[in-house]
Structures are given as C-alpha cells and as structure tokens.
K.L.:
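Just passing along the structure, written as structure tokens.
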Amino acid sequence: MTKKVALALPEWLTAAERLRLYTPEEVIAMQLLPYTVRTLKDAAYGKRIPHTTVGRKVRFRLDHIWAIQQASDVDPAARGRRRAA
C-alpha cells in the first residue's frame, strides 16, 4: 500500500497558477523534471505518474510535478543498513 503525502504548494501561488496545465514539452523546457519528453509521456500513459488528460493529450499541473519530484526523494534515515561483507 502506498503512503499518500500531503502536498503543500506555496501559499503565494494564485489559483490560476495552481490550475495551469503544462505540456510535457513545457515541463522539460522549463527543467522542472530531469526526464525526457518521451519518458514523461510513457510514464503517464502507463499510469505510473500523476497527470491530467485533456482529450487524449497528457498535461501536468504544478501539484503533479511536485508529486513526481517528491516520489524521487530518498530519505537516508529510512534506509536499512548494509551488512558487512
């Protein structure tokens, strides 16, 4: 079971900025995520990352981008210790 993390976007963002939809090309051009356009589209079509579809087109809101970034985070304290060889 996956754990849902409450996303807290900055308060200073307006409603329009929070709801704006970005194309995968825009996300990559703005360097918001370290992936290729094809990787983002494949992950969205495979339902592995949060996204919105408009018609048959993949779009991302800021909270989607934030969630994708948070999913890649690693907490060193939560990782197990390696055994001595």
Side-chain angles (χ1 to χ4, degrees):
M1 191 158 129
T2 60
K3 182 179 173 183
K4 288 260 183 179
V5 177
L7 300 177
L9 290 174
E11 294 295 324
W12 49 266
L13 288 173
T14 65
E17 291 171 328
R18 291 173 187 260
L19 296 176
R20 183 180 187 276
L21 296 174
Y22 296 91
T23 65
E25 292 80 10
E26 289 175 321
V27 171
I28 299 307
M30 294 169 57
Q31 298 181 348
L32 297 175
L33 293 172
Y35 305 112
T36 63
V37 173
R38 185 76 255 156
T39 300
L40 273 181
K41 287 182 178 181
D42 287 345
Y45 292 139
K47 297 185 170 126
R48 294 187 305 272
I49 59 173
H51 65 283
T52 298
T53 53
V54 178
R56 299 178 92 186
K57 308 283 187 191
V58 173
R59 300 290 185 259
F60 298 96
R61 288 191 318 261
L62 284 179
D63 60 333
H64 294 147
I65 296 166
W66 181 261
I68 295 166
Q69 289 173 340
Q70 294 299 311
S72 299
D73 282 355
V74 175
D75 181 10
R79 294 182 66 193
R81 298 187 68 143
R82 289 184 174 215
R83 294 181 184 216

K.L.:
Which heavy-atom pair separates Tyr45 from Arg38 by the least distance, and what is that distance?
P.N.:
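That closest heavy-atom pairing would be CE1-NH2, 3.9 Å.
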
K.L.:
Are Val27 and Tyr35 packed together at the side-chain level, in the sense that at least one heavy-atom pair is separated by less than 4.5 angstrom?
P.N.:
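Contact flag for Val27/Tyr35 side chains = no.
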
K.L.:
Hydrophobic clustering (ILVMFWY, side-chain heavy atoms < 4.5 Å, transitive) - are Met30 and Val37 grouped together?
P.N.:
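Same cluster.
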
K.L.:
For Leu21 and Arg61, what are the C-alpha separation, side-chain angles and deciding distance, and is it a side-chain contact (heavy atoms from CB on, under 4.5 Å)?
P.N.:
CA-CA 5 Å; Leu21 296 174; Arg61 288 191 318 261; 3.4 Å; yes

K.L.:
I want to check something: taking the side chain as every heavy atom from C-beta on, are Thr53 and Arg59 in contact at a cut-off of under 4.5 Å?
P.N.:
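The answer is no; the side chains never approach within 4.5 Å.
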
K.L.:
Are side-chain heavy atoms of Leu32 and Phe60 found at a separation under 4.5 Å?
P.N.:
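Leu32 does not reach Phe60 side chain to side chain.
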
K.L.:
So, taking the atom named OG1 in Thr39 and the one named CD1 in Ile49, what distance separates them when rounded to the nearest 0.5 Å?
P.N.:
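Answer rounded to 0.5 Å: 9.5 Å.
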
K.L.:
For salt bridge (charged side-chain N to carboxylate O under 4.0 Å, His left out), just list the numbers for Glu25 and Lys41, CA-CA rounded to whole Å, side-chain angles, deciding distance to a tenth of an Å, and then say yes or no.
P.N.:
CA-CA 10 Å; Glu25 292 80 10; Lys41 287 182 178 181; 3.2 Å; yes

K.L.:
Please examine the side chains of Leu40 and Val58, heavy atoms only from C-beta on, and report whether any two atoms are closer than 4.5 Å.
P.N.:
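Side chain of Val58 against side chain of Leu40, heavy atoms only: no contact under 4.5 Å found.
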
K.L.:
Between Ile65 and Leu33, is any pair of side-chain heavy atoms under 4.5 Å apart?
P.N.:
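The answer is yes; the side chains approach within 4.5 Å.
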
